[in-house]
Amino acid sequence: MKDRLRQQISAALHVCFDRGVLHSENIPEIQIEVPGNPDHGDFATNIAMMMARTEKKAPRQIAATLMEALADSPLLARVEVAGPGFINFTLAPTCWHQLLTDIMIQAEQYGHATAGQGQRVQVEFVSANPTGPLHIGHGRGAAVGDAVAAILQAVGYDVQREYYVNDAGNQVATLGRSIWLRLRQLNGETVVFPEDGYQGRYIVELAEEIGRTRKEALLALPEEEAVAECARFAADRILAG
């Protein structure tokens with residue numbers, strides 16, 4: 001819409017030059033901004049102030065001249081001069097009709113572009129480690145990550161999404177050890193729980209659950225084997241959740 005408005009302003013300036021009411025025929029870059037106050041319209045330009053020196057006229061006089069040339073534009077419902085020479089534009093509701101038609105015709109391709117030129121991009125997001133219950137941050141990260149990837153793809157990048165469940169490594173080993181130690185505490189042992197162990201109530205609940213069917217067998221295993229079995233049990237339970 002800003003481009004269409006720039007075209008309207010440029011055309012109106014040339015009308016003014018042809019009529020002889022403006023003389024320099026030197027058009028600076030036409031800047032279009034959204035006013036901070038919605039009462040000032042949909043868009044505004046300072047073009048009259050930028051032309052004041054070359055035209056040797058007051059900005060408000062240039063703005064009024066330009067406003068007259070814009071008066072018949074079907075794009076605009078209202079044009080006003082404000083302040084030291086700003087021109088405020090209120091768009092006509094019908095100006096959006098062609099845009100809506102374009103959206104309907106292009107459907108899912110609307111807004112797609114080729115700016116990315118096929119460059120490869122990898123977007124990594126979430127990587128939800130099954131070391132605890134999922135929370136709202138996991139859901140938000142999935143939505144934001146997928147949206148970023150979709151936007152990049154829509155503007156022409158070759159996008160790969162990296163979204164995986166990290167159910168191996170040190171974090172899962174710490175999960176298993178945390179459950180193993182809680183299971184031993186539940187069995188009446190005095191255990192020093194490490195600072196890097198997982199502290200949540202869910203660890204105790206998982207230890208209680210595995211203990212109902214596997215306590216004796218686990219307590220009879222070498223520690224590392226017991227920890228590995230607790231880790232796999234817990235990761236599977238959390239993934240199922």
Side-chain angles (χ1 to χ4, degrees), residues 34 102-104 106-241:
V34 177
D102 292 343
I103 293 171
M104 294 295 291
Q106 295 178 41
E108 293 182 1
Q109 292 302 308
Y110 178 77
H112 285 216
T114 59
Q117 299 181 342
Q119 296 180 72
R120 297 183 67 188
V121 173
Q122 179 172 302
V123 181
E124 178 184 347
F125 54 102
V126 177
S127 297
N129 300 331
T131 54
L134 294 179
H135 52 72
I136 190 64
H138 291 108
R140 181 174 57 211
V144 172
D146 189 57
V148 169
I151 290 169
L152 289 169
Q153 197 166 21
V155 295
Y157 289 91
D158 178 5
V159 179
Q160 288 186 326
R161 291 166 168 82
E162 184 171 299
Y163 173 88
Y164 61 94
V165 174
N166 188 2
D167 59 350
N170 290 334
Q171 291 183 337
V172 174
T174 300
L175 172 69
R177 192 169 305 279
S178 300
I179 293 169
W180 164 241
L181 292 173
R182 291 304 188 202
L183 178 63
R184 290 170 57 189
Q185 287 179 335
L186 291 170
N187 195 48
E189 293 185 47
T190 300
V191 173
V192 178
F193 199 82
E195 289 186 5
D196 64 347
Y198 292 115
Q199 305 287 339
R201 172 64 190 170
Y202 71 97
I203 296 295
V204 176
E205 293 171 352
L206 287 167
E208 290 173 340
E209 183 180 351
I210 195 172
R212 284 194 287 270
T213 58
R214 295 284 297 150
K215 182 174 73 171
E216 299 302 328
L218 286 168
L219 293 173
L221 288 174
E223 181 170 330
E224 290 308 311
E225 291 182 29
V227 167
E229 187 167 333
C230 287
R232 178 46 49 200
F233 167 84
D236 289 344
R237 284 289 188 275
I238 292 169
L239 283 173

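Sequence positions, counted from 1, serve as the residue numbers for this chain.
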In sequence, state the C-alpha distance, the side-chain angles, and the governing distance for E209 and L206, and then conclude on side-chain contact (heavy atoms from CB on, under 4.5 Å). CA-CA 5 Å; E209 183 180 351; L206 287 167; 4.2 Å; yes
Mind jotting down which residue pairs meet the ring-ring contact (aromatic ring centres under 6.0 Å, His included) criterion with at least one end in residues 111-145? Sequence neighbours excluded, please. F125-Y163, H135-H138
Enumerate the residue pairs fulfilling salt bridge (charged side-chain N to carboxylate O under 4.0 Å, His left out) with a member in residues 177-187, sequence neighbours excluded, ordered by first and then second residue. R177-E223, R177-E224, R184-E189
Which ring-ring contact (aromatic ring centres under 6.0 Å, His included) pairs, counting each pair once, include a residue from residues 190-231, with sequence neighbours left out? none
Scanning both residues in full, the closest heavy-atom pair of L152 with V123 reads CD1-CG2, 3.9 Å
Does atom CG of N170 have more than 12 heavy-atom neighbours, drawn from other residues, nucleotides or ligands, at distances under 6.0 Å? no
All pairs passing salt bridge (charged side-chain N to carboxylate O under 4.0 Å, His left out) where residues 113-142 contributes a residue, at least two apart: none
With sequence neighbours left out, what residues match D102 under side-chain hydrogen bond (donor to acceptor under 3.5 Å, both in side chains)? Q98
Checking E205 now: which residues fulfil salt bridge (Lys or Arg N to Asp or Glu O under 4.0 Å) with it, not counting sequence neighbours? R201
I'd like to check the side-chain hydrogen bond (donor to acceptor under 3.5 Å, both in side chains) partners of Q117; sequence neighbours left out, ordered by chain and number. none
Using side-chain contact (heavy atoms from CB on, under 4.5 Å), reason through T174 and T131 one step at a time and then give a plain yes or no. CA-CA 9 Å; T174 300; T131 54; over 6 Å; no
Pairwise salt bridge (charged side-chain N to carboxylate O under 4.0 Å, His left out) hits with a residue in residues 150-164, at least two apart: D146-R161
side-chain hydrogen bond (donor to acceptor under 3.5 Å, both in side chains) filter on Q119, not counting sequence neighbours, yields none
Between atom CG of L181 and atom CD1 of I203, what is the distance when rounded to the nearest 0.5 Å? 10.5 Å
Could you go through residues 226-234 and list every donor-acceptor pair under 3.5 Å that involves a side-chain atom there, pairing it with any protein atom two or more places apart or in another chain?
unit_1, atom_1, unit_2, atom_2, d
E229, OE1, R214, NH2, 3.1
E229, OE2, R214, NE, 2.7
E229, OE2, R214, NH2, 2.6
R232, NH1, D236, OD1, 3.3
R232, NH2, D167, O, 3.4

Determine whether L218 and I210 make a side-chain contact, defined as any pair of heavy atoms from C-beta on separated by less than 4.5 Å. yes
Please tell me if the side chains of L183 and K215 come closer than 4.5 Å, counting only heavy atoms from C-beta onward. yes
Where V172 and N166 come nearest, the two heavy atoms and their spacing: CG2-O, 3.9 Å
Show the nearest heavy-atom pair for residues I238 and P130, with the distance to one decimal. CD1-O, 3.4 Å
Closest non-hydrogen atom pair, S178 against G197: OG-CA, 3.5 Å
Using every non-hydrogen atom in the two residues, find where V204 and L186 come nearest and quote the distance to one decimal. O-CD1, 4.3 Å
Exercise: identify the closest heavy-atom pair between L175 and A235: CD2-N, 4.0 Å
